[in-house]
Amino acid sequence: MISYIMDSFKSFSNYDDMGISDPDPIKFIEDALFCSSPLALSYSDPDQKWIIRQHLISLFQDFPCLKPSVDVFMHNDGTEVKLLNASGELTVSQDAPPVPVTIWVPEFYPEMAPIVYVDSGSSLYPIYENHPFSNCSGETTCPYLENWRFSKCDLSGLTRNLMKLFSHNHPFYYSGSGSSNPAHPSTFSKMGAIDRLAAAIHYDAAAITAENEEEIENLSAIQIELQERGETLRIVVNELEREKKRFKGRTEEMCGESDKLMNWLKVYDGVSDFPIDDVFEGVDKESEIELECSAADLAAEDLMYALEKAVEEGVLGFEAYFKQVRVLAREQFLCRAKILKIKK
């Protein structure tokens, strides 16, 4: 992309600094091309200068609306060159505003294609944001420029192509800009058909790009959600791993206890005279007493429950029941009191 500046503007109506006083455009072009002062242009080859002269004269004869001027042009790499250009307004349609353009003749013309800018600063209308041939800075490209060949192309042909191009794809956004009627395909020239095809491809590509961007945004949102879910699952999996380790440790402990129980059963299974009361032993004298008192307490509780059932079934009378319950309650009280005393 190329940008240009106008630091030392010298136009058809103001070029006294070059010693050019004749307002005739042909005289202006000749004096500008063959000037040998420090203000000389960046064209070095004499044959090149004559070709530029011929093409510019033909351009101004075909399009009187354009005027010659001299200006400083800056390339992307910062190089400044002094070039001729033709600027003016092109009327592309009766219903559309004129298009102000500047056509630069580069230092390697005619081997190098001209450089075209739409001057949005001198118009009341903004350039289309997504125009197929002109960007927001006004730089214009088209198939005619992209396929530039000196033997077949010149400045007049470029200007005619620009007028046809802008008549179908006006660079400015204005009221009624979308109301033009399309011409029949049989009226297209080869270059016109290429221009229309390029515009159609541009709009299709822009629509596809917009759809792709929307799809990318949706997929990005889904990706973020999946990442959040993945983080949640990672936390859950880590917790389950820790729980698995805990259960594994507990299982190993229970397997060890089970092995001990199985070994005990192998030793004492079938032994009828084994003292069942010796299965549980206290660690000291007080523990043995507490164990005996707890057993007596539970035995009294079971006996009172059995007496209650006997009364309900009519096997035992109330008088005998209350007598036995008082005895058992007294023994249970003494056992519990002894347990509390041991614990203190």
Side-chain angles (χ1 to χ4, degrees), residues 205-344:
I208 293 172
T209 300
E211 292 177 0
N212 289 340
E213 289 178 352
E214 183 179 358
E215 185 176 358
I216 289 172
E217 290 180 359
N218 294 334
L219 291 176
S220 298
I222 294 174
Q223 182 182 21
I224 294 174
E225 183 178 356
L226 290 176
Q227 289 175 348
E228 293 176 351
R229 292 185 179 181
E231 182 65 20
T232 303
L233 288 175
R234 187 186 64 81
I235 294 173
V236 172
V237 168
N238 291 338
E239 183 64 28
L240 290 174
E241 288 290 339
R242 289 192 293 268
E243 191 70 18
K244 178 182 176 182
K245 290 180 180 179
R246 288 195 295 268
F247 281 125
K248 185 176 180 181
R250 182 60 180 161
T251 302
E252 291 176 354
E253 292 178 3
M254 295 183 68
C255 288
E257 296 295 331
S258 176
D259 291 339
K260 292 180 181 179
L261 181 59
M262 293 299 294
N263 292 332
W264 187 88
L265 289 174
K266 289 178 181 179
V267 174
Y268 296 103
D269 188 23
V271 180
S272 58
D273 57 348
F274 179 79
I276 193 64
D277 293 336
D278 294 340
V279 175
F280 302 98
E281 298 178 352
V283 297
D284 53 21
K285 188 65 175 176
E286 291 182 352
S287 298
E288 292 179 359
I289 296 173
E290 184 177 356
L291 188 60
E292 292 176 359
C293 292
S294 297
D297 180 13
L298 295 174
E301 189 73 27
D302 291 341
L303 185 53
M304 284 189 287
Y305 178 77
L307 293 173
E308 184 178 351
K309 287 294 183 181
V311 172
E312 291 178 358
E313 295 174 0
V315 178
L316 184 65
F318 282 104
E319 183 178 353
Y321 170 75
F322 286 120
K323 181 179 180 181
Q324 292 296 329
V325 167
R326 280 195 295 269
V327 174
L328 293 173
R330 184 173 180 279
E331 290 179 1
Q332 192 177 44
F333 172 77
L334 294 175
C335 290
R336 292 181 179 180
K338 189 180 291 187
I339 292 172
L340 290 174
K341 184 177 180 181
I342 294 171
K343 289 182 177 181
K344 291 181 178 180

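Scope of the values below: all heavy atoms of this structure, side chains included, with no hydrogens, waters or symmetry mates.
When all heavy atoms of Cys335 and Ala296 are compared, the closest pair comes out as SG-CB, 3.6 Å. Closest heavy-atom contact between Ala320 and Leu316: CB-CD1, 3.6 Å. In terms of heavy atoms, Ile342 sits closest to Glu290 at CD1-N, 4.0 Å. Listed here is the closest heavy atom pair of Ala300 and Leu328: CB-O, 4.2 Å.
By the neighbour-count criterion of 12 heavy atoms within 6.0 Å, atom CZ of Arg229 is sparsely surrounded, having that number or fewer from other residues, nucleotides or ligands.
Ion pairing of Glu319 with Lys323 is absent here, as no side-chain N (NZ or NE/NH1/NH2) approaches a carboxylate O to less than 4.0 Å.
Rounded to the nearest 0.5 angstrom, Cys255 SG and Arg250 CZ are separated by 10.5 Å. If you take NZ on Lys244 and CZ on Arg242, they are separated by 14.0 Å, rounding to the nearest 0.5 Å. The CG atom of Leu219 sits 10.5 Å away from atom CD of Glu214, with the distance rounded to the nearest 0.5 Å. Within the model, atoms CG of Leu291 and CD1 of Ile339 stand 9.5 Å from one another, a figure rounded to the nearest 0.5 Å. Expressed to the nearest 0.5 Å, how far CD1 of Ile222 lies from CD of Glu215 amounts to 9.0 Å.
You'll find the side chain of Met262 reaches within 4.5 Å of the side chain of Ser258, heavy atoms only. Looking at Arg330 and Leu334, their side chains come closer than 4.5 Å, going by heavy atoms from C-beta outward. Proximity of Thr251 to Lys248: side-chain heavy atoms (C-beta onward) are nowhere separated by under 4.5 Å. Between Val236 and Leu240, the closest side-chain pair of non-hydrogen atoms falls below 4.5 Å.
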* Asked: After noting the C-alpha distance and the side-chain angles of Lys245 and Glu241, does the key distance pass the salt bridge (charged side-chain N to carboxylate O under 4.0 Å, His left out) rule?
  -> CA-CA 6 Å; Lys245 290 180 180 179; Glu241 288 290 339; over 6 Å; no
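Annotation: side-chain hydrogen bond (donor to acceptor under 3.5 Å, both in side chains) contacts of Glu213 (sequence neighbours excluded): none. Remark: Gln324 pairs with no residue by the side-chain hydrogen bond (donor to acceptor under 3.5 Å, both in side chains) rule, at least two apart or across chains.
Among pairs with a residue in residues 332-342, those fulfilling salt bridge (charged side-chain N to carboxylate O under 4.0 Å, His left out) read Asp297-Arg336, Glu301-Arg336, at least two apart in sequence or across chains.
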